[in-house]
Structure formats: C-alpha cells, structure tokens
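Basis for what follows: all heavy atoms, side chains included, without hydrogens, waters or symmetry-related copies. Per chain, numbering begins at 1; letters A, B, ... match sequence-line order.
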There are 2 protein chains.
Amino acid sequence: MSAKLWLTQLQENGYRLTKARSAVVEIVQKSLRALTPVEVYDMARKKYRALGLVTVYRTLEKLEELHLIQRVHQPMGCQAFISAGEGHQHLLLCQNCGQVAFFEGDDLDILTKSIAKKTGYKIQEHWLQLFGLCANCRVN
Amino acid sequence: MSAKLWLTQLQENGYRLTKARSAVVEIVQKSLRALTPVEVYDMARKKYRALGLVTVYRTLEKLEELHLIQRVHQPMGCQAFISAGEGHQHLLLCQNCGQVAFFEGDDLDILTKSIAKKTGYKIQEHWLQLFGLCANCRVN
DNA sequence: ACACTTATTGACAATGATTTTCATTATCAA
DNA sequence: TTGATAATGAAAATCATTGTCAATAAGTGT
Ligand SMILES: [Mn+2]
Ligand SMILES: [Mn+2]
Ligand SMILES: [Zn+2]
Ligand SMILES: [Zn+2]
C-alpha cells in the first residue's frame, strides 16, 4: 500500500487531507522499522517544518483506528508504530537494527486447543512475535 | 512460591527486609491478575499505611530484576506486573476479569525454522500470549 | 540490649510522555 | 468564492516515572 492510498483512506473516512497528515503518512508508511511519535515528528518535520508533535499523535491515532498502522511491543518500550500488515500477520523484529518483517501461516490451532482443554479457557486471540537478527545484521 | 520465599530471595540478594517491601510482596505475590504500580500501591497501603508510591516502583524494579515478577503487555497498556512463572512459560489472559494463567509446552520450533528460512532472519526469542475467557467468565 | 553503618524510606521536585484547551487557519462542499 | 467546521500548533494540564535528599530503620557486631 502506498502513501497515496493511506491518504485516500483518510479522506474516505471523513478526514481532511492536510500537509501535516501527508508528511506524517509519508514517513510512517515507508518505514521498515517501528517509529515512536517523536521519531516521526523529527523525520516528518524535514518535509513539513511547521508540523507540531501534537498533530503527530493525533494522526497516528487515526491511522491506528483505520488499521493502517499498529503498535509494536518491545522489551524496551511499547510506544512505536509500524505500517500494518494485511490480514492476520505476526511480527519478526531485528534486535540489532529494528527492521520489522511480517509473516503469516502460523498454525497455533493445535496449541490453542490443547491449552484450552488444560486451562478451561476459551481462547479468542493470540499475540506472537519473534525476535532475532535480520539477514544484514546477521553477517555484520 | 510463597510471599515468605520472595522476601528470603530479596534478603539473599543483599536487600533488607522492610515493612514496605513485605506489604508490596504480599499483594503482588498472591494476585491472580496483573497489577499496575498504582494498584499495588492502593492495595498494599491497606496493609501498611505509610507506604509511598515511589517505594512500590522501587520494589517492583527489584522483584523484576530477581525474575520474581514479569511485565504483562496488553492492548490497553503495558505497565502491569504479575508473579512470574518458572522457566519458559507463556501467558493466557482473561479478557473479562484479567486473570492470568501460565502455560508451557508450546512447540514453535517448526514454525520458527520455517520463518527463518523464508525471511533470512536468525530467530532468537519469541513472545507468545493468548487471550480469551477464563472458566468462570466463560459461563457468566 | 546497644550502638553503628548504611540501605531504605517517603516527601517533594523534576522529568518525560501524552492529552486537553483554545484561538487561528485551512480544507472542502456548496 | 464563500462559509461551516475540521484541523492545526502553541501552551498548559495531566499522568507516569525517576531523581534528590534528609530522616529513619534494618542488620551487623558488640
Ligand atoms: Mn497468528
Ligand atoms: Mn515459548
Ligand atoms: Zn537488522
Ligand atoms: Zn475471567
């Protein structure tokens, strides 16, 4: 999905198209690693100087609401966002450079059924996240 | 593990045994759901009125350091702690009452190997967390 | 039991992150 | 072009966490 499409999505949901939003979207959409609000602010201000940090927060809020981005939880902190995968996907994070890869096709059915039986819980959701080293960082 | 054992652990690691710590430990150790620092503060103050919130933070810090508690990440927030499981375990959270259950015996080897091959990543860790309804909340 | 050393405490202040308020501005439908 | 109003950035407010510090209490040795 391109930045243009994100902006369209915003418009289609009744939000106006502004320079501030464009700048934020452009940064977040193409980032390969999760960014914090301040990081987005710093980077996006290179494209649009007048941008305010508050607007970054507000824009991220809307992008999350539209499922265009998702929050990334990490040992070091949980306030970073990354362009969201489509459908049911999971994250694989490089512990060195932060690069995020998506993967799908996990089959946790057997596991969840077994856990459900053992614990008596009705399982409705799961979070799975892998950590490691990306191809680049692995060699260096 | 009992509250008494936690206090012993603290002592064995050179920390002194105090009323403040006892109160915090007693609350956190027996809780079936993850508690935030303020929740711990409110609950522990019923046992020890003079307790300060700062001490709760400091005690939780030490308990985490000794792996007696662990941070719980949830959609609503990531600043709650629960008595830690032993060894490699995962969490199962009740979305209604917050009750936490541990489980082990997940076998993600096949999955991680497949992902490693596909992505080129070297996988070193994983986070797995299940969400659902506990036996009680399921019926009510 | 007592005295001594020093870790621990709670109050308060400082910081950092996020949210709210508000007057001004810019978007977009008419 | 105009007008209604969503969106903006600055500043202030709130909330969570961390740092400072003088007073206190835990544990050690006597
Ligand atoms: Mn999955
Ligand atoms: Mn596991
Ligand atoms: Zn990397
Ligand atoms: Zn429940």
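Checked against Val25(A) for a side-chain contact (heavy atoms from CB on, under 4.5 Å), the options Leu68(A), Leu63(A), Leu17(A), Leu5(A) give a single hit: Leu63(A).
Two residues are said to be in side-chain contact when any heavy atoms from C-beta on lie closer than 4.5 Å; Leu128(B) and Phe103(B) meet this criterion. At a threshold of 4.5 Å between non-hydrogen side-chain atoms, the residues Ile82(B) and Leu35(B) do not count as touching. Residues Arg71(B) and Glu64(B) are in side-chain contact: their nearest non-hydrogen atoms beyond the backbone lie under 4.5 Å apart.
Here dA6(D) presents its C1' atom at 13 Å from CG of Leu10(A), a figure rounded to the nearest Å. Atoms CD (Glu61(B)) and P (dT9(C)) sit 12 Å apart, rounded to a whole Å. Between Lys62(A) atom NZ and dT19(C) atom P the separation is 11 Å, expressed in whole Å. Atoms CG (Asn13(A)) and P (dA7(D)) sit 11 Å apart, rounded to a whole Å. Regarding Met76(A), its CE atom lies at a distance of 17 Å from the P atom of dT17(D), rounded to whole Å. As a whole-Å value, the separation of Leu35(A) CG from dA17(C) P is 15 Å. Per the geometry, CG belonging to Leu7(B) stands 13 Å off P belonging to dT8(C), to the nearest Å.
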Would you mind building the protein contact string for nucleotides 24-30 of chain D? One character per nucleotide, 5' to 3', B for base within reach (heavy atoms under 4.0 Å), S for sugar-phosphate only, - for untouched. -BBS---
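Residue Leu111(A) is not grouped with residue Leu91(B) when hydrophobic side chains (ILVMFWY) are merged at heavy-atom distances under 4.5 angstrom, including chains of intermediate members.
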Kindly indicate, with the supporting measurements, whether the criterion side-chain contact (heavy atoms from CB on, under 4.5 Å) is fulfilled by Leu92(B) and Ile115(A). CA-CA 9 Å; Leu92(B) 170 49; Ile115(A) 303 300; 3.7 Å; yes
Check step by step if side-chain contact (heavy atoms from CB on, under 4.5 Å) holds for Lys47(B) and Glu26(B). CA-CA 9 Å; Lys47(B) 293 187 178 290; Glu26(B) 218 163 297; 3.3 Å; yes
Audit row: Gln95(B), Glu125(A), side chain to side chain donor-acceptor pair (under 3.5 Å) steps and yes/no: CA-CA 10 Å; Gln95(B) 288 174 319; Glu125(A) 269 191 75; 3.3 Å; yes
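The rotation axes computed at either terminus of the helix from dA1(C)-dT30(D) to dA30(C)-dT1(D) lie 40° apart, taking five pairs at each end and rounding to 10 degrees.
Using a cutoff of 4.0 Å between basic side-chain nitrogens and carboxylate oxygens, Glu39(A) and Arg33(A) are scored as salt-bridged.
A heavy atom lying under 4.0 Å from DNA chain D marks the following residues of residues 42-58 of chain A, by number: Tyr48(A), Ala50(A), Leu51(A), Gly52(A), Val54(A), Thr55(A), Arg58(A).
Residue whose closest nucleotide on DNA chain D sits further toward the 5' end, between Pro37(B) and Thr59(A): Thr59(A).
Side-chain rings of Trp127(A) and His73(A) approach one another, their centers coming within less than 6.0 Å. When ring centroids are compared, His126(A) and His90(B) stay outside the 6.0 Å threshold.
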